Amino acid sequence: MVLSLKSKYLLKIYEVLYKSFGPQHWWPGDTPFEIMIGAILTQNTNWQNVSKAIDNVKKAGLLDPKKLLKHQRMIPKLIRPSGFYKLKSRRLIAFLKYFIDNYNGEASRMNKKRVTVMRNELLSLPGIGYETADSILLYANLRPVFVIDAYTRRIFSRHRMFEYNQPYDEIRHIFESNLPRSVKLYNEYHALIVKLGKEYCKKNEPLCNTCPFPTILLKS
DNA sequence: GTCCTGCTCG
DNA sequence: CGAGCTGGAC
């Protein structure tokens, strides 16, 4: 597709999805810290299981960076429902140390840094890749970073907007350079993409007949 | 069996 | 690249 058309259609697609699905109220989480650990725990895991894990942390009274790190031995048991619990425990502890050592466990301090600096710091941590880093930046730190995930790749590659295996940052750039730079918009758009991916643009047997995605882009 | 708001390491 | 992550829920 011609580049100049993308800015026109990407916003149009958003509007159609929003009208179809309404606001998604992302990210569920009362504090930036809760959102951050949710971003790590939700890797290759459905949110329902992550929610249980976070509830366990809450019930234990450890939804606080320093308290959680102090009781790090309890982490594997607490987060077990989110799956890959040993691996994710290591990742969570590494993040906690980073977050406390550099920012005293305060999102507001972290947020004083430039977004590119924060992003590179997060990406340097073990177990935090592009999607997790950008989810934290957008949903916890409220920075205008468009999150790309498997749903985004599947939906838009099926509509020939880009190739499924195109590099992450290239795809992110397509969205960020063709949409208004708005945290609210990026937040809602990604959430709508996830909903569309789960309910219509499924991996197997997608429901194309009733899909609300604008068909004008199909097989151009 | 399949999917899930990935990432790492060989 | 592809397998594996002490995975869990449907």
Side-chain angles (χ1 to χ4, degrees), chain A residues 14 17-18 21-29 32-57 72-96 98 119-143 145-158 163-172 175 183-207 213:
Chain A
Y14 169 79
L17 293 180
Y18 188 86
F21 296 142
Q24 300 299 301
H25 307 294
W26 272 35
W27 185 297
F33 178 65
E34 182 176 341
I35 294 169
M36 289 173 180
I37 64 176
I40 294 172
L41 295 182
T42 198
Q43 292 171 358
N44 196 34
T45 304
N46 64 45
W47 182 257
Q48 198 178 352
N49 293 348
V50 177
S51 190
K52 290 175 184 171
I54 292 180
D55 278 348
N56 289 341
V57 176
Q72 58 176 275
R73 305 188 67 135
M74 296 177 63
I75 293 179
K77 187 183 293 182
L78 294 172
I79 70 167
R80 191 176 232 283
S82 71
F84 307 124
Y85 66 96
K86 276 205 166 182
L87 179 65
K88 287 180 179 176
S89 291
R90 288 198 297 273
R91 293 178 178 178
L92 189 49
I93 290 168
F95 172 78
L96 290 172
Y98 154 79
R119 190 167 193 261
N120 286 332
E121 284 184 3
L122 290 169
L123 289 174
S124 74
L125 297 176
I128 295 191
Y130 294 114
E131 185 182 340
T132 307
D134 288 347
S135 293
I136 290 173
L137 292 173
L138 177 63
Y139 291 102
N141 287 324
L142 306 181
R143 296 306 188 100
V145 180
F146 203 96
V147 178
I148 307 301
D149 66 347
Y151 292 127
T152 313
R153 291 177 183 275
R154 189 162 76 219
I155 293 166
F156 288 86
S157 63
R158 279 176 173 169
E163 297 296 316
Y164 185 91
N165 286 316
Q166 208 159 327
Y168 183 97
D169 276 332
E170 283 184 23
I171 298 178
R172 182 168 67 90
F175 284 92
V183 171
K184 179 86 175 71
L185 174 65
Y186 292 2
N187 174 321
E188 203 66 65
Y189 207 155
H190 176 64
L192 290 166
I193 285 171
V194 171
K195 185 171 179 68
L196 184 74
K198 288 164 87 102
E199 298 187 1
Y200 292 90
C201 205
K202 300 192 290 184
K203 194 173 189 176
N204 303 315
E205 302 175 28
L207 307 177
F213 196 103

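Sequence lines set the chain letters: A, B, ... in the order given, protein chains first and strands last, and positions in each chain run from 1. These figures come from a predicted structure and were not determined experimentally.
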Below 4.5 Å, heavy atoms only, C-beta onward: do A:Asn187 and A:Tyr139 meet side chain to side chain?
->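 In short, these two side chains touch, coming nearer than 4.5 Å.
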
Using only side-chain N and O atoms of A:Lys198, determine if any of them is under 4.0 Å from OP1 or OP2 of B:dT5.
-> yes

Which whole-number value in Å describes the distance from [X] [atom1] to [N] [atom2]?
X	N	atom1	atom2	result
A:Tyr168	B:dG6	OH	P	11 Å
A:Trp47	B:dG6	CH2	P	12 Å
A:Gln43	C:dG4	CD	C1'	14 Å
A:Phe84	C:dC5	CZ	C1'	5 Å
A:Tyr151	B:dG6	OH	C1'	12 Å
A:Phe95	B:dC7	CZ	P	14 Å
A:Glu205	B:dT2	CD	C1'	12 Å
A:Ile40	B:dT8	CD1	C1'	15 Å

On DNA chain B, check which nucleotide each of A:Gly197 and A:Thr132 is closest to and give me the residue with the more 5' one.
-> A:Gly197

The answer to which of A:Lys203 and A:Tyr130 contacts DNA chain B further toward the 5' end, by nearest nucleotide, is A:Lys203

If you check every side-chain atom of [X], which of [options] has the closest atom?
X	options	answer
A:Trp27	B:dC7, B:dC3, B:dT5	B:dT5
A:Asn44	B:dT5, C:dC5, B:dC7	C:dC5
A:Lys86	C:dT6, B:dC7, B:dT2	C:dT6

Are the ring centres of A:Phe213 and A:Phe156 closer than 6.0 Å?
-> yes

What pairs of nitrogen or oxygen atoms, one from the protein and one from nucleotides 8-10 of chain C, lie under 3.5 Å apart?
residue	atom	partner	partner atom	Å
C:dG8	OP1	A:Arg80	NH1	2.2
C:dC10	OP1	A:Gln48	NE2	3.2

For A:Trp26 and B:dT5, is the gap between ring centres under 5.5 Å while the planes differ by less than 30°?
-> yes

If you look at every strand shown and take non-hydrogen atoms under 4.0 Å, does A:Thr45 touch a base, only sugar-phosphate, or nothing?
->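 Since a base atom lies under 4.0 Å of A:Thr45, the category is base.
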
State whether A:Tyr85 and A:Arg80 meet the cation-pi test: NZ (Lys) or CZ (Arg) under 6.0 Å from the six-membered ring centroid, and within 45° of the perpendicular axis.
->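 That pair qualifies as a cation-pi contact.
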
Set of residues satisfying salt bridge (Lys or Arg N to Asp or Glu O under 4.0 Å) with respect to A:Glu131, sequence neighbours excluded =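 A:Glu131 satisfies salt bridge (Lys or Arg N to Asp or Glu O under 4.0 Å) with no other residue.
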
Look at the rings of A:Tyr189 and A:Tyr14 and say which category their plane angle falls in: under 30° parallel, 30 to 60° tilted, over 60° perpendicular.
-> tilted

I need the [X] [atom1] to [Y] [atom2] distance, nearest 0.5 Å.
X	Y	atom1	atom2	value
A:Ile54	A:Glu34	CD1	CD	5.0 Å
A:Ile128	A:Leu92	CD1	CG	9.0 Å
A:Leu142	A:Ile35	CG	CD1	7.5 Å

Taking atom [atom1] in both [N] and [M], compute the distance separating them and give it to the nearest angstrom.
N	M	atom1	value
C:dG7	C:dA3	C1'	16 Å
C:dA9	B:dC7	P	23 Å
C:dC5	B:dC4	C1'	14 Å

Check whether any side-chain N or O of A:Gln24 sits under 3.5 Å from a backbone N or O of A:Val194 as a donor-acceptor pair, and report yes or no.
-> no

Answer yes or no: is there a donor N or O on one side and an acceptor on the other, between the side chain of A:Glu170 and the main chain of A:Pro167, under 3.5 Å?
->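 Flag not set: sc A:Glu170 to bb A:Pro167 has no pair under 3.5 Å.
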
What are the residues of residues 119-128 of chain A, sorted by number, that bring a heavy atom to within less than 4.0 Å of DNA chain C?
->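 Contacting residues: none.
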
